[in-house]
There are 2 protein chains.
Amino acid sequence: MLVDQSVRDLLAAFSSKDPTPGGGSASALASAVGASLLMMVAGLPKTRTGSDDDRAALTSAGGALADLRKRLTGAIDADAAAYDQVVAAYTLPKASAGEQAARQAAIQRALRGAIDVPLGVVRLSAAAIDQAITVATYGHRAAASDVGVAVALLRAGARGAQLNVEINIGSLADPSYADAIVEETIRVSEGAAHAADEADALLRDA
Amino acid sequence: MLVDQSVRDLLAAFSSKDPTPGGGSASALASAVGASLLMMVAGLPKTRTGSDDDRAALTSAGGALADLRKRLTGAIDADAAAYDQVVAAYTLPKASAGEQAARQAAIQRALRGAIDVPLGVVRLSAAAIDQAITVATYGHRAAASDVGVAVALLRAGARGAQLNVEINIGSLADPSYADAIVEETIRVSEGAAHAADEADALLRDA
């Protein structure tokens with residue numbers, strides 16, 4: 001699995017000419033790192049004011065972020081596996097009309113998988129940015145730069161995953177399915193961008 | 001070294017309460033992944049038009065990006081090492097006036113190191129974004145989403161590194177040195193943001 005490779009080897013894999021891992025896995029990785037930094041700040045012994053309310057809010061955020069980080073980490077490999085399916089479907093035989101129909105059906109199935117994974121990363125990144133607002137509000141002031149880095153990485157992960165949804169949408173045969181996916185991706189991405197702006201504003205005022 | 005650890009273990013290290021690795025190493029990692037994706041697109045057999053000019057421009061960009069990726073990868077560990085020095089300096093004895101002076105000098109030296117590394121990451125990320133303009137211009141259209149993800153990651157890496165410069169600047173004793181660093185960081189960051197906007201515009205029009 002990609003996540004069991006060394007960081008150095010994963011960087012080499014991103015720069016190789018092989019079709020995977022590509023931008024989809026890179027986006028999931030960026031958001032997994034962002035969620036990890038937020039977990040760190042949520043788990044620090046010191047909180048904003050030292051109150052029980054701070055600790056309760058950060059404990060809840062830390063639990064949610066651990067789940068999001070786990071799913072984002074899974075998406076690093078899932079994105080590569082889904083795109084490998086698309087590449088494999090395009091290599092299917094297309095000599096007869098029957099083969100052509102089977103190949104087209106396989107391509108469409110594989111494309112839906114290659115859209116589902118980055119759409120999930122957009123959703124998971126948006127959920128992690130929501131938690132960043134809690135961490136920015138109740139977390140220790142000395143860790144504000146770590147929260148700011150996390151928000152920047154989650155923005156990049158959400159944006160990158162959105163680009164991966166959009167590039168695969170173009171090859172979908174079903175326009176109503178494509179429209180629904182585009183609508184959801186834009187809606188979730190815009191919500192995430194607003195939440196990221198809110199978290200950044202909290203950090204500036206801290 | 002951090003880059004020899006598995007991706008899974010590095011994520012666990014980012015979420016642990018230990019002082020390092022933190023946002024500085026995470027920023028360097030984001031930019032190293034961005035540079036890697038650009039290297040991949042620059043090395044693809046297909047180019048925008050298939051011309052010799054495309055290939056020459058992409059070969060040159062690929063060489064520059066390989067050097068930038070190497071230095072960004074080094075910064076993942078260098079940032080953690082530099083911040084460990086700051087933490088160590090703060091633990092020095094401060095019973096006598098002599099000890100206090102030695103401790104302050106050690107803290108100031110360590111802070112300059114903890115500023116130099118992320119300032120370098122801001123510069124390296126900006127240089128990689130400049131190469132992204134070349135890759136967006138001459139690279140294969142089918143890889144446009146990978147270039148877009150790379151630009152998003154390099155923006156996040158530059159922004160995150162800038163936050164790490166700024167948080168350490170606050171503790172510097174020499175105001176003229178601090179002012180010079182702040183001025184350069186803002187200037188390079190603004191240039192990088194404009195170049196990233198230019199690369200994104202090229203990708204939208206592709």
I'd like a table of donor-acceptor pairs (distance under 3.5 Å, sequence neighbours excluded) in which one partner is a side-chain atom from residues 111-122 of chain B, with atom names and distances.
none

(Q) At under 4.5 Å between heavy atoms, what parts of residues 162-170 of chain A are in contact with chain B? List them by residue number. (A)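 If one takes a 4.5 Å heavy-atom cut-off, the residues of residues 162-170 of chain A near chain B are Leu163(A), Asn164(A), Ile167(A).
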
Q: Write out, in numerical order, the residues from residues 25-38 of chain A with a heavy atom short of 4.5 Å from a heavy atom in chain B.
A: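 Ala26(A), Ser27(A), Leu29(A), Ala30(A), Ala32(A), Val33(A), Ser36(A), Leu37(A), listed by number.
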
Report which part of [X] has an atom under 4.5 Å of a heavy atom belonging to chain B: side chain, backbone, both, or neither.
X         : value
Ala142(A) : backbone
Leu10(A)  : side chain
Leu154(A) : neither

(Q) Given 3.5 Å as the limit, does a donor-acceptor pair link the side chain of Arg69(B) with the main chain of Leu11(A), or not? (A)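 Between the backbone of Leu11(A) and the side chain of Arg69(B) there is a qualifying donor-acceptor contact (under 3.5 Å).
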
**Q.** Heavy-atom donor-acceptor pair, Asp146(B) side chain to Gly23(A) backbone, under 3.5 Å
**A.**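 Present.
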
Q) So do Val7(B) and Asp4(A) actually touch side chain to side chain, heavy atoms under 4.5 Å? A)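 Sidechains of Val7(B) and Asp4(A): no contact.
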
(Q) Quick check for you: among Gly160(A), Ser6(A), Ala152(A), which has the greatest number of heavy-atom pairs under 4.5 Å with chain B? (A)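 Heavy-atom pair counts peak at Ser6(A).
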
Q.
Let's test your reading of the structure: which of Gly148(A), Ser145(A), Ala42(A) forms the most heavy-atom pairs below 4.5 Å with chain B?
A.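 Of the options given, most contacts go to Ser145(A).
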
Q. How long is the gap from NZ on Lys17(B) to CE on Met39(A), to the nearest 0.5 Å?
A.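 Output value for this atom pair is 10.5 Å.
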
Q: Identify which part of Leu2(B) has an atom lying under 4.5 Å from any heavy atom of chain A, answering side chain, backbone, both or neither.
A: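 Contact with chain A is through the backbone of Leu2(B) alone.
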
Q) Under the side-chain contact (heavy atoms from CB on, under 4.5 Å) test, which residues partner Asp197(A), sequence neighbours left out? A)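 Result, side-chain contact (heavy atoms from CB on, under 4.5 Å) vs Asp197(A): Arg155(A).
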
